[in-house]
Participant: 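Let me give you the structure first, and then I'll get to my questions.
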Amino acid sequence: MTSSWFSSPAQAVERLAAAGYLADTPTATTSYLAGALEKPLLVEGPAGVGKTELAKAVARACDAELVRLQCYEGLDEARALYEWNYKKQLLRIQASQGAQEGAQEWSATHDDIFTDEFLLTRPLLTAIRREEPTVLLIDEVDKTDVEVEGLLLEVLSDFQVTIPELGTVTAVRRPFVVLTSNASRELSEAVKRRCLYLHLDYPDAEREREIVSSQVPGLDDRVAEQLVVMVGRMRELELKKAPSIAESVDWARTLIALEIRDLDDKAVTDTLGVVLKHASDHDRAVRELRLRA
């Protein structure tokens, strides 16, 4: 099977790596299949393991436009799909009435104002209408209300959007769809059934060292090893927010900026705010890891 995105899982590994994303075999295989089968990809896992970055990397690797729908509580159809420019429609109605010195028939007015000229497209409809390669990122879908998932079903299953006033808009070129979830709530079976599934977790020490070293050129191998070990120890603690991969990378950049060549206790305590963002987490790490300033 030939994919317009990746020709094989091996090519997915190579092209994602060239785009700055080190994908393991399951990630590369699932990414390949999402393109080959033209099915949305649901990526679940804790915050900061590279779910959003995977979508960005696919867009970079395939020279595609990234269209992002950032989900949040209270998201509705007007922000996800489309809405009508009511102010512009009202001005058009007023102008038509003034020009004809009388009330225009509603049927004519309706046909005049419910056109593409007055349509404000939001991320889902924007991605469906694009003819160029497009990656649609539906980020943190678990933060929305359950009702919003109903808005997604038509897009995820048929790659189309129905606009009552205009009809059904079907994708000319199907986007590569990535949904991310931190698993803060269970998604509906209807959504899951329409997607391929990938679970991302924190990488093992060797993989994380490779990621950090690739993202931070010039980082000493010994310091990289110390950093990865320390981050792993922090993730074993009961913290409000465990350090993400992005924070590991930020920590590495911090060590280079401060010209720290040995991650001893003082270096850790001096820079702990780069990786731990809650005072209680900071205190717990100092106490349980027995760090000394």
Participant: Would you check if there is a donor-acceptor pair between the side chains of Thr27 and Asp24 at a distance under 3.5 Å?
Facilitator: yes
Participant: Per the side chain to side chain contact (heavy atoms under 4.5 Å, CB included) rule, which among Leu136, Thr52, Val135 passes with Arg68?
Facilitator: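 Passing option: Thr52.
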Participant: In terms of heavy-atom contacts, does CG of Asp201 have more than 12 from other residues, nucleotides or ligands at under 6.0 Å?
Facilitator: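 Atom CG in Asp201 is packed in, count exceeds 12.
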Participant: Would Glu210 and Ser213 count as having a side-chain donor-acceptor pair, cut-off 3.5 Å?
Facilitator: no
Participant: Is it the case that one hydrophobic cluster holds both Tyr202 and Leu198, taking links as side-chain heavy atoms less than 4.5 Å apart, direct or via other members?
Facilitator: yes
Participant: For the side chain to side chain contact (heavy atoms under 4.5 Å, CB included) test, which of Glu77, Glu83, Arg79 pairs with Leu81?
Facilitator: Glu77
Participant: Pick one: which of Glu44, Glu149, Glu186 meets side chain to side chain donor-acceptor pair (under 3.5 Å) with Lys192?
Facilitator: Glu186
Participant: With salt bridge (charged side-chain N to carboxylate O under 4.0 Å, His left out) as the test, would you mind laying out the steps for Arg287 and Asp283 before giving the verdict?
Facilitator: CA-CA 6 Å; Arg287 182 175 65 253; Asp283 294 341; over 6 Å; no
Participant: Same cluster or not: Ile211 versus Val43, using hydrophobic residues (I, L, V, M, F, W, Y) connected whenever any side-chain heavy atoms lie under 4.5 Å apart?
Facilitator: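 Each belongs to a different hydrophobic cluster.
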Participant: For the residue pair Gln226 and Asp264, confirm or rule out a side-chain donor-acceptor distance under 3.5 Å.
Facilitator: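 Note: Gln226 and Asp264 side chains miss the donor-acceptor criterion.
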Participant: Determine whether the side chains of Thr144 and Glu73 contain a donor N or O and an acceptor N or O closer than 3.5 Å.
Facilitator: no
Participant: Pairing donors with acceptors under 3.5 angstrom, does anything connect the side chains of Thr121 and Thr126?
Facilitator: yes
Participant: Run the numbers on Lys241 and Glu247 for salt bridge (charged side-chain N to carboxylate O under 4.0 Å, His left out), then give the verdict.
Facilitator: CA-CA 11 Å; Lys241 171 63 174 66; Glu247 286 160 340; 3.5 Å; yes
Participant: I'd like to know if the side chain of Asn182 pairs up with that of Lys143 as donor and acceptor (distance under 3.5 Å, no hydrogens or angles considered).
Facilitator: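 No, because no side-chain N or O of Asn182 sits under 3.5 Å from a partner of the opposite role on Lys143.
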